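To keep things clear, I will list the structure first and then write my remarks on it.
Any value given below was found using the heavy atoms of this structure, including those in side chains, with hydrogens, waters and symmetry copies removed. Chain naming here is simple, since letters A, B, ... match the order of the sequence lines and numbering starts at 1 in each. Being a predicted model, the structure only gives us computed values, none of them experimental.
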Protein chains: 2
Amino acid sequence: MNPSQTPRELLIGGFHAAIAAVQADALLPPYLAALNTDRLLVVGAGKAAAAMAACVEARLPQTELAGLVITRHGHGLPTRYIEVVEAGHPLPDAAGQAAALRLLDRLRQAEPDDQVLALISGGGSSLLSLPVAGVSLAELQSLSHALLLSGAPIAEINTLRKHLSQTLGGRLAAACRAQVSGLLISDVAGDDPAVIASGPFAPDPSSYADALAILARREITAPASVQRHLLAGGAGEIAETPKPGAACFQRVEQQVIANGRTALRAAAGYFESRGVPAVILGDTHTGEAREVAQVFAALAREIHRHGNPWPAPVVLLSGGETSVTINESASDAGRGGRNSEFLLALALALNGLPGVYALAADTDGIDGNQDNAGAIIAPDSLTRAAALGLDAPRHLRQHDAWGCFAGLDDLLLTGPTRTNVNDFRAILIV
Amino acid sequence: MNPSQTPRELLIGGFHAAIAAVQADALLPPYLAALNTDRLLVVGAGKAAAAMAACVEARLPQTELAGLVITRHGHGLPTRYIEVVEAGHPLPDAAGQAAALRLLDRLRQAEPDDQVLALISGGGSSLLSLPVAGVSLAELQSLSHALLLSGAPIAEINTLRKHLSQTLGGRLAAACRAQVSGLLISDVAGDDPAVIASGPFAPDPSSYADALAILARREITAPASVQRHLLAGGAGEIAETPKPGAACFQRVEQQVIANGRTALRAAAGYFESRGVPAVILGDTHTGEAREVAQVFAALAREIHRHGNPWPAPVVLLSGGETSVTINESASDAGRGGRNSEFLLALALALNGLPGVYALAADTDGIDGNQDNAGAIIAPDSLTRAAALGLDAPRHLRQHDAWGCFAGLDDLLLTGPTRTNVNDFRAILIV
């Protein structure tokens, strides 16, 4: 290890290396150079949409550019030709609804010899979720909220969204006669274009029947308009989302240009260049955040006590998307996203184990509903918390990891990163 | 890999190697040879107690032996000089209560120049839990049941037991004037003699106040007699359990002779001798079984897809004690212990991933409340289940992994193993 860097500095450096590797400016240039067109209609949605659009403008000064992309509030950037609209995420809002309708109209008006560039990234599902006729945004919001609270994985939430949307589940592809090149930054395990942003340009293998089954399984009573639409769809009265093999997809070519692994490998390179061997434990980790933390704690104990399966120093890197199940009946303060909650549970499970430091953060820069990307823990986190009068177990029980880390001044603050490859976790054992 | 063995046979072989390494007959002889005494009063409790007692009789034919050990129903063995009593576990019963009282009396009658051999193993906490005056066995059972259902870790359950018992938390040491040699088979992380079987011969760092705090945190309303006793203890009206440094422990010497690591290393040796590299991921894994499975599934995916951090074939070994939280309001069938539940969740998370096989079992041979030690999964487990009409996700939701694996004929049946080093998990990626 480089003795001039503290463990905390190393972890922050590794996170920034990870984020830098999945920035639009680092990813897009070779794909844009290959486009070879004079005119380009640019559409897009997601947390990286504005950064991707700005990169297109900077890199294609000779191309006649037009279009519209939708990004999350706070993730915008100034652009000249491609309009950037900021909208609601994770809960859709009216700004997104209006922008999605205009985006859909732009695509409908495109001619067969036009060239469309679609810039898709995580978050696009909410930002594009233009509800079907008869379902209001408020009803869609209420359903999304119930699904998020139920602990439903994102794949299930998106099956619902696709069947209640005019844009998702391949409907943008179906609406467009032009050639479409899609560039996708993946925030989902497996990098399936049908899953990223709920696949506005991808075939949808899911059905109305699946959507209904998810509601039943999660014991969610959907608004009456939603029930009506899904039941009508299930009965064949409304067209299904376009399925694999549909003609519209012959005009579409999509490429995944980055994912969580891209970020983890960049972080691994950063740590190894500083003398810390890095191990990638996977980029598809799911599960309840506080329980996932137990497993990583046991592995850290194994390394600390037995130098097995790797001797210290070593950094364990992982990505994916953990979840936090909120018990609505409890008085959950609910400040703190899944990465902060993971980290607080990890600190409690490690219980001050010497030599173990960790950083966990959302690569989009916003973990949950507060302003932090994540947080950092050290062997002294719990003793410092106790000295400050912070009841760490209580913060965890109340899903208020944010409050604990804010009190400790151990929040990781980056602001919006304008990209999104989901969770980033680094556990450093020295 | 040895081509003559199937993955299933390999996994079963690895488990049997693990169990064999933690049998009394494999562990005790060197310690018994060192005892050097003509007369020995043997006491003990735990799932290994009968096997340990039988080994003492076989190995010390010249020693005058007497005494009493308590083991779980079904874990007994025939002995000649050392009485073996079978009793209730995980819920204490009248047989255990009567035997614990007799065991306590034997220790009280021992003279200072007597030599006591204490044979302690997991399960001893329930088997020895002679309640304090004023608290009935039924009340203790009801409390134990509520604690188990609340998902309280075993350390918390044992803090309660120690403060409601005449034997646990060092009280057997306090009752005895003789020299005590303790041989312990550990089923707990860290191998603390104060935690193994709730430490009948070990100093107890926990207090009446801790016991009361656990009840509050787990939101358990204890029987009135229990509340009364704990509150009286908390107010200093009843003597605390003997604390570290107490004089009674000068006569006691305890040695941990095996733990989960002993079993995992034996399994590792078995797999490696058959050409399968083995990785021990830790012997202190805790967490909700179905969530722990998500993490192991992500790691198995990483190995399968990327040959990282180890190329296949490799077997991932781990131990510890996961938990299963039962939602009492749901119609949980509840057939299936934590290892079976882990395994069913793992199969669902892997979703048929090729080349991944796994075995998870309780090393005592009884996983939960059925007759199986655990179970085995293969890449075809889910398709086979579906073909048999088994709804695997529903079995998991209802905590009925046993029913699913019974239907698949994939239960692992060993009968009582007469030892206990807690969970054993092996995930084989070929």
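- The contact between A:Val295 and chain B is made by backbone and side chain atoms together, counting heavy-atom distances below 4.5 Å.
- Both the backbone and the side chain of B:Val292 come within contact range of chain A, judged by heavy atoms closer than 4.5 Å.
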Between chain B and chain A, donor-acceptor distances below 3.5 angstrom:
unit_1	atom_1	unit_2	atom_2	d
B:Arg261	NH1	A:Glu302	OE1	3.0
B:Arg261	NH1	A:Glu302	OE2	3.2
B:Arg261	NH2	A:Glu302	OE2	2.5
B:Ile280	O	A:Asn308	ND2	2.8
B:Thr284	O	A:Arg301	NH2	2.8
B:Thr284	OG1	A:Arg301	NE	2.8
B:Thr284	OG1	A:Arg301	NH2	3.2
B:Thr286	OG1	A:Gln294	OE1	3.4
B:Glu288	N	A:Glu291	OE1	2.6
B:Glu291	OE1	A:Glu288	N	2.6
B:Gln294	OE1	A:Thr286	OG1	3.4
B:Arg301	NE	A:Thr284	OG1	2.8
B:Arg301	NH2	A:Thr284	O	2.8
B:Arg301	NH2	A:Thr284	OG1	3.2
B:Glu302	OE1	A:Arg261	NH1	2.9
B:Glu302	OE2	A:Arg261	NH1	3.1
B:Glu302	OE2	A:Arg261	NH2	2.5
B:Asn308	ND2	A:Ile280	O	2.8

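- Across every non-hydrogen atom of B:Pro309 and A:Ile280, the tightest pair is CD-O, 3.8 Å.
- Scored by the side chain to side chain contact (heavy atoms under 4.5 Å, CB included) test, B:Ala347 finds B:Ile377, B:Leu382 as partners (sequence neighbours excluded).
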